[in-house]
Number of protein chains: 2
Amino acid sequence: MTTTLADVAARAGVSSATVSRVLNGNYPVADHTRERVLRAVEDLEYVVNGNARALAAATSDLVGVLVNDVADPFFGILASAAQAEIARGGDADEQGRAGAPGGGKLAVVCNTGGSPEAELTYLTLLHRQRAAGVILTGSAVEGSDTDAIADRLARLAASGTRVVLCGRPPLPAGPFEEGAGEPEGGNPVMTLGFDNRGGAEQLTRHLIRLGHRRIGCVAGPVDRTTTRHRLEGHRNALAAYGLARECGGLTAYGYYDRSSGHRAARELLDRCPGLTAIVAANDTVALGVIAALRERGLQVPRDVSVTGFDDLPFSVDATPALTTVRLPLHEAGARAGRLVMGRETTPGGGVALVEGELVIRESTAPPRES
Amino acid sequence: MTTTLADVAARAGVSSATVSRVLNGNYPVADHTRERVLRAVEDLEYVVNGNARALAAATSDLVGVLVNDVADPFFGILASAAQAEIARGGDADEQGRAGAPGGGKLAVVCNTGGSPEAELTYLTLLHRQRAAGVILTGSAVEGSDTDAIADRLARLAASGTRVVLCGRPPLPAGPFEEGAGEPEGGNPVMTLGFDNRGGAEQLTRHLIRLGHRRIGCVAGPVDRTTTRHRLEGHRNALAAYGLARECGGLTAYGYYDRSSGHRAARELLDRCPGLTAIVAANDTVALGVIAALRERGLQVPRDVSVTGFDDLPFSVDATPALTTVRLPLHEAGARAGRLVMGRETTPGGGVALVEGELVIRESTAPPRES
DNA sequence: AGCCGGACGGAAAGCGCTTGCTACGGGGCA
DNA sequence: TGCCCCGTAGCAAGCGCTTTCCGTCCGGCT
């Protein structure tokens, strides 16, 4: 049926051990022999069986990248950057070892749809495949399955898989994996967090300095860490200026998509027709907010200022161009990729914070009457 | 080190065969025994070794989804729909068989960056892993590696992997896999093509009917099938109205991104300041075109009409909202997913064409002076 | 000329799981 | 009461590859 190592060996007139060595190039083989083997491989169109190899060698060249939503550019950018880095030949201890040209590994991105169960399922599947590494991106859901996920991650890491959290808070420092076991067995779970709190705070401060006093907030899904952090940043800014009470009730929750922004904006407007600015959960949501505003005959930023978050590529094309916080998504993804490949390490404690940068464009302006 | 089937068997006081059967649920096991085994699995936190399983059973639960660019919503939507369908429990011949809950398989999306070499690399990797299926999305590059890819695909299919082409032209009907072999060995390569030609033709006809006579065209990368097809549709429309000559030179090529659209539009404008409409390669490109137009002080659609293609989510938010051709991306992705899972079949010949639908919005209008 | 070590190639023992086949015990039927 | 068959469980043979030992051969050194 399918050709195996033995077939190649037979055709080349050598033992299968030799063929294996030629293919893996980690043992001296005479040029003469090598050539014959390679020709046999060609002739037979031989393709190694990755499973057999992984089983025998106890290594794998799969790296999982879990994202909340592939269709969302936020994750798309992150994933694509990480992916490129993972596929790239390793400079570290991986010279030519893996099947991929140059020692790179196969990055597989898994779409969880933001559901913890799906996350768990993929994590299990990846564990099954004995993946070389896993990158978990996007905010975590706070609640029920959190522990199950943390647990699974810890076990993955303990079993030798490199785990990187990107754009998600670090794992609670567990009580050190059931004592007894191997103290050297696993590697740490590395974290690359985004400074959501800081970014959100900058945004709101910017609005306040422009003169806004009644600022609405369209937040993300209630139970997600990212939502909470951005909200905290927002509130910190309000508190700093003694505005906490005034804007206290002006928060509406929704998903990270356009229609949620649309709906939430109308809700906010109904609740408080006098607001002069809206802080959106992210750029996509901001688009929805702007659309809703426009439908009500309100102009941005003349009547209401709007801010986004992330600075996705389309933000600059929106009308008006969005004031937002730029997250170095591409760079963060690449870094996560390097971390998971063991080609770079996090400074200390395995946790790094990625800062955002306030980008002021046309969607914010001073309120009409102060 | 890691716990194996044998460990579980020992703890449950049964043979490893029994444990395997409990886990796979395809052989009668007494409830009593099953329970004991499951408890042992729990206690030991046992995770099957996917590689060993795949090796022994000669099956895999990996399905590859190759896309040109994860960061592009076009592919994101396709991939996410396919993914959902693949993860879903199979209704067909896959009840509970695979490791994933409900018989779903692990969809791994691979980012090729549109490079044929990367495509080949991933295909090889997937072949190595003996993937259960592969979905190839996006336009193919016409040239050098085409044959190599077609070849690899044919071999993949012949070796039992289900192959689906989505949004890409069917494979040339090869001279039937080297005769001799198994006539029943592999399954056919299924194709789900988009009607790029038809869509593009509708768009251009729409413009012509509005009264446009000098229509520019910003096409995609020269060597891609999608580019060629859309261009052909465009030209067919022009020819139908005897406009082929007039607009003959008004084509500029570029990538499928915003900045290419921007650059190409300026180029076109320089070449022919009198044009009244521009057909863009897709929605993203259209955004760039509009930005360029605006910079030149031209209004859309008053001075110049612009059309996109695909109808990505943001198209309705653009100002002006884009006239475009809607491709049922989500549905197509889902269908591709079903095809690759063997849960659905293509009508006849293994090739299905997905039609686009003209969506008229605000970016097109009659030219100012006719 | 005899020895020794290095460079290569082969034999074979697994890696962890699936599965065909066999073994065994008990209930239903003749 | 004896026999057959069904419901279960175990044995053991692989699946295709890696890798540890060894054995062999040859060149160079003493």
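Fair warning: this is a prediction, and the values are worked out from it, not measured in the lab. Chain letters run A, B, ... following the sequence lines, proteins first, then strands; residues in each count from 1.
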- Query: Which nucleotide sits closest to the side chain of Ala17(A): dT18(C), dG16(D), dA11(C)?
  - Reply: dA11(C)
- Ranking dG16(C), dT18(D), dT18(C) by distance to the side chain of Ser20(B), first place goes to dT18(C)
- Message: Taking 4.0 Å as the cut-off, does a side-chain nitrogen or oxygen of Asn24(A) come that near to OP1 or OP2 on dT18(D)?
- Response: yes
Partner residues of [X] under the salt bridge (Lys or Arg N to Asp or Glu O under 4.0 Å) criterion, sequence neighbours left out:
X	result
Glu344(A)	Arg335(A), Arg338(A)
Asp147(A)	none
Arg168(A)	Glu119(A)

- Listed by chain and number, what are the side chain to side chain donor-acceptor pair (under 3.5 Å) partners of Arg152(B), not counting sequence neighbours? Thr124(B)
- Glu85(B)/Arg88(B) ion pair, N-O < 4.0 Å: yes
- Does the distance from a Lys or Arg side-chain N to an Asp or Glu carboxylate O, for Asp7(B) and Arg11(B), drop under 4.0 Å? no
[X] [atom1] to [N] [atom2], straight-line distance once rounded to whole Å:
X	N	atom1	atom2	answer
Arg53(B)	dC15(D)	CZ	C1'	15 Å
His127(B)	dG16(D)	NE2	C1'	14 Å
Leu5(A)	dG10(C)	CG	P	13 Å
Asn51(B)	dT18(C)	CG	P	12 Å
Arg36(A)	dC8(C)	CZ	P	14 Å
Arg128(B)	dG16(D)	CZ	P	16 Å
Gln129(A)	dG16(C)	CD	P	15 Å
Leu55(B)	dG14(D)	CG	P	14 Å

Could you write out each protein N or O paired with an N or O of nucleotides 5-9 of chain D at a distance under 3.5 Å?
residue	atom	partner	partner atom	Å
dA9(D)	OP1	Thr33(B)	OG1	2.2
dA9(D)	OP2	Ala30(B)	N	3.0
dA9(D)	N6	Tyr27(B)	OH	2.5

- Who pairs with Ala12(A) by side-chain contact (heavy atoms from CB on, under 4.5 Å), at least two apart in sequence or on another chain? Val14(A), Val37(A), Ala40(A)
